[in-house]
There are 2 protein chains.
Amino acid sequence: MSSRAATRVFQGVEEQIATGQLKDGEKLDEASLAERFQVSRTPVREALLQLVGSGLATQIPKRGCFVKAPSFREMIEMFEVMSELEGMCARLAARRISDQQLAALKAANEGCEEAIQANDSDLYYHKNVEFHECIYTACGNSFLASETRSLRRRLQSFRRLQLRVRGRMPQSFNEHYEIIEALESGNADKADLVSRQHVMIQGERFNDLLVHMEQTQ
Amino acid sequence: MSSRAATRVFQGVEEQIATGQLKDGEKLDEASLAERFQVSRTPVREALLQLVGSGLATQIPKRGCFVKAPSFREMIEMFEVMSELEGMCARLAARRISDQQLAALKAANEGCEEAIQANDSDLYYHKNVEFHECIYTACGNSFLASETRSLRRRLQSFRRLQLRVRGRMPQSFNEHYEIIEALESGNADKADLVSRQHVMIQGERFNDLLVHMEQTQ
DNA sequence: CATCTTATTTTTGTATACGATAATTTCTAC
DNA sequence: GTAGAAATTATCGTATACAAAAATAAGATG
């Protein structure tokens with residue numbers, strides 16, 4: 001956690017976009033943000049630039065920055081890409097994973113199991129990240145790993161909600177088990193397929209959640 | 001082309017990294033860059049932030065920015081991801097492409113043919129971009145399209161070199177033809193496979209080029 | 001002569017100031 | 001009363017100023 005003012009502003013605005021406090025299309029006024037975060041315009045502008053870079057805001061020259069929360073369609077698109085990337089990670093990992101890395105993967109999955117037994121969705125969330133992080137490392141392509149990680153991060157605030165959906169944790173855990181099996185046996189095709197489905201199910205769950213939210217509003 | 005000073009600096013530095021004038025690890029001194037581009041430090045800092053965002057530079061807090069030219073290994077990794085993304089675009093496009101989009105694709109490919117006959121590698125480069133742009137549009141996933149486009153852009157300066165490699169243009173053209181066939185017949189698997197290979201061949205060509213450069217130095 | 005401490009300098013990160021352009025308001029003409 | 005033009009205001013983009021931290025140089029001590 002950098003103590004830089006610009007980073008604080010960036011993360012603050014990012015958070016507020018994720019939680020919906022800042023809505024799509026809303027203007028990100030430099031002066032207001034500077035006031036809110038008690039800094040000058042300079043770090044605010046740097047934060048805005050980074051937000052534009054990560055796709056959370058749009059910039060219109062001489063007009064300012066505006067929140068660009070992903071639409072429903074864009075979210076689905078991102079899940080579609082995410083499933084491809086996760087599949088690729090798993091496929092490569094099936095060929096390249098070491099015994100040590102496999103052990104770490106199993107350990108992370110045991111952590112997931114403990115979280116389920118404790119019914120601790122927050123712990124599960126973190127252990128789940130650890131699980132996938134093992135696969136990213138094992139895929140042997142650090143560029144792919146970092147791209148996948150960054151997309152995961154971008155979807156994570158929504159993902160966090162999904163895990164609270166009834167029955168998701170045990171199902172997710174079962175999927176993990178299948179992935180481990182595939183990686184252990186070096187079955188790249190199966191690892192790919194299962195991982196893709198693992199993500200797409202989350203995408204569909206996300207869809208469920210959205211539909212539910214629309215219905216209850 | 002934006003007339004913004006920050007953009008000018010960004011593109012200038014990007015160019016110099018691509019051409020090798022700025023080497024890996026070299027410090028991007030704010031004052032020097034400001035002097036060189038005849039602007040103040042403010043737009044220089046904005047440009048540096050964007051460079052960090054696009055992975056061309058690293059920032060160490062309170063220490064400054066440093067050029068981070070992709071290593072040989074990273075380039076290979078990027079090609080590996082690129083081939084996956086291109087394959088995905090083609091696979092989706094095979095299911096979703098419209099008659100109109102298919103016509104545009106064929107037109108772009110005819111442009112490629114003309115470029116080959118004129119032996120104009122620069123024209124081929126542009127028509128080739130147009131060809132792939134058609135597929136990105138047709139894949140129906142604009143997030144995927146933009147990610148693929150951005151990775152293509154990142155590899156493009158090297159790609160430009162590759163096309164000058166002897167015999168590459170006609171071969172690339174033949175691969176295009178196969179892609180068109182697959183898309184026209186709605187054969188998603190073939191479209192995926194051929195597109196992947198299309199990129200990986202370029203990656204291998206890139207490898208050849210690097211090896212050649214190392215030998216002649 | 002080497003090493004640790006301290007002083008100086010450089011450079012980063014942030015604040016403020018200013019000019020230019022777009023948005024808004026006011027005013028005039030019909 | 002409305003439409004268009006001019007003036008005003010607000011905001012962006014850039015320049016400069018300043019404070020804090022790190023790098024470097026100088027000096028003292030063993």
Side-chain angles (χ1 to χ4, degrees), chain A residues 1-17 21-70 146 150 153, chain B residues 1-17 21-70 146 150 153:
Chain A
M1 51 195 152
S2 170
S3 66
R4 283 189 55 201
T7 314
R8 276 198 349 256
V9 176
F10 174 76
Q11 291 173 349
V13 175
E14 190 184 31
E15 175 79 14
Q16 294 196 324
I17 292 175
Q21 287 179 262
L22 281 167
K23 282 166 197 162
D24 189 54
E26 204 161 321
K27 177 153 195 197
L28 293 168
D29 183 56
E30 295 179 2
S32 318
L33 288 174
E35 169 89 11
R36 178 125 53 99
F37 289 93
Q38 287 294 299
V39 289
S40 80
R41 273 182 56 222
T42 310
V44 169
R45 283 181 60 81
E46 292 192 356
L48 291 181
L49 263 177
Q50 289 187 274
L51 284 168
V52 171
S54 31
L56 274 83
T58 347
Q59 189 182 31
I60 304 175
K62 288 279 179 189
R63 297 283 293 275
C65 274
F66 302 87
V67 176
K68 193 184 162 301
S146 112
S150 120
R153 218 180 95 72
Chain B
M1 51 195 155
S2 170
S3 67
R4 283 189 55 199
T7 314
R8 273 197 354 252
V9 176
F10 174 76
Q11 291 173 349
V13 175
E14 189 184 33
E15 174 80 15
Q16 293 197 324
I17 292 175
Q21 286 180 262
L22 281 166
K23 282 166 197 163
D24 189 54
E26 203 162 323
K27 176 152 194 197
L28 293 167
D29 184 56
E30 296 178 2
S32 317
L33 289 174
E35 168 88 11
R36 178 125 54 98
F37 289 94
Q38 286 294 299
V39 289
S40 80
R41 274 181 55 224
T42 309
V44 169
R45 283 180 62 81
E46 291 192 357
L48 291 181
L49 264 177
Q50 290 188 274
L51 284 167
V52 171
S54 33
L56 276 82
T58 349
Q59 188 182 30
I60 303 175
K62 289 278 178 190
R63 298 283 294 274
C65 274
F66 303 87
V67 176
K68 194 185 163 299
S146 112
S150 119
R153 219 180 94 73

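Every chain is numbered from 1, with letters handed out A, B, ... down the list of sequences. Just the heavy atoms: all of them, side chains too, but no hydrogens, waters or symmetry mates, feed the values below.
Look at CZ on Arg45(A): it is 8 Å from P on dC12(D), rounded to the nearest Å. One interatomic measurement links the two molecules: CD1 of Ile60(A) to P of dT21(C), which rounds to 19 Å at whole-angstrom precision. One atom, CG of Leu33(A), and another, C1' of dT14(C), lie 16 Å apart when rounded to the nearest Å. Atom CZ in Arg4(B) sits roughly 14 Å away from atom C1' in dA15(D) (whole-Å rounding). The NZ-P distance, from Lys27(A) to dT11(D), rounds to 6 Å in whole Å. Atom CG in Leu28(B) sits roughly 14 Å away from atom P in dT11(C) (whole-Å rounding). As rounded to whole Å, 14 Å separates atom P of dT14(D) from atom CG of Leu49(B). Rounded to whole Å, atom C1' of dA15(D) lies 14 Å from atom CZ of Arg8(B).
The side chain of Lys62(B) places no N or O atom within less than 4.0 Å of a non-bridging phosphate oxygen (OP1 or OP2) of dA19(D). OP1 or OP2 of dA23(C) has at least one side-chain nitrogen or oxygen of Arg63(A) nearer than 4.0 Å. Within the 4.0 Å cut-off from OP1 or OP2 of dT14(D), not a single side-chain nitrogen or oxygen of Thr42(B) is found. The side chain of Arg41(A) contributes no N or O atom lying less than 4.0 Å from OP1 or OP2 of dA15(C).
Taking CG of Leu56(B) as the start and SG of Cys65(B) as the end, the distance is 11.5 Å to the nearest 0.5 Å.
Comparing dT11(D), dT14(D), dT12(C) by their nearest atom to the side chain of Pro43(B) picks out dT14(D). In this structure, of dG13(C), dT12(C), dT14(C), it is dG13(C) that holds the atom nearest to the side chain of Gln59(B).
Inspection of the Gln50(A) and Arg45(A) side chains reveals no N or O donor paired with an N or O acceptor under 3.5 Å.
For the pair Val13(B)/Leu48(B), no side-chain contact is recorded, criterion being any heavy-atom separation below 4.5 Å from C-beta on.
Residues Asp29(B) and Gln38(A) both approach DNA chain C. Their nearest nucleotides, taken by heavy-atom distance, put Asp29(B) toward the 5′ side.
In this structure, Glu26(B) contributes its side chain and Lys23(B) its backbone to a donor-acceptor pair below 3.5 Å.
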Give the intermediate values and the outcome of side chain to side chain donor-acceptor pair (under 3.5 Å) for residues Arg8(A) and Gln38(A). CA-CA 11 Å; Arg8(A) 276 198 349 256; Gln38(A) 287 294 299; over 6 Å; no
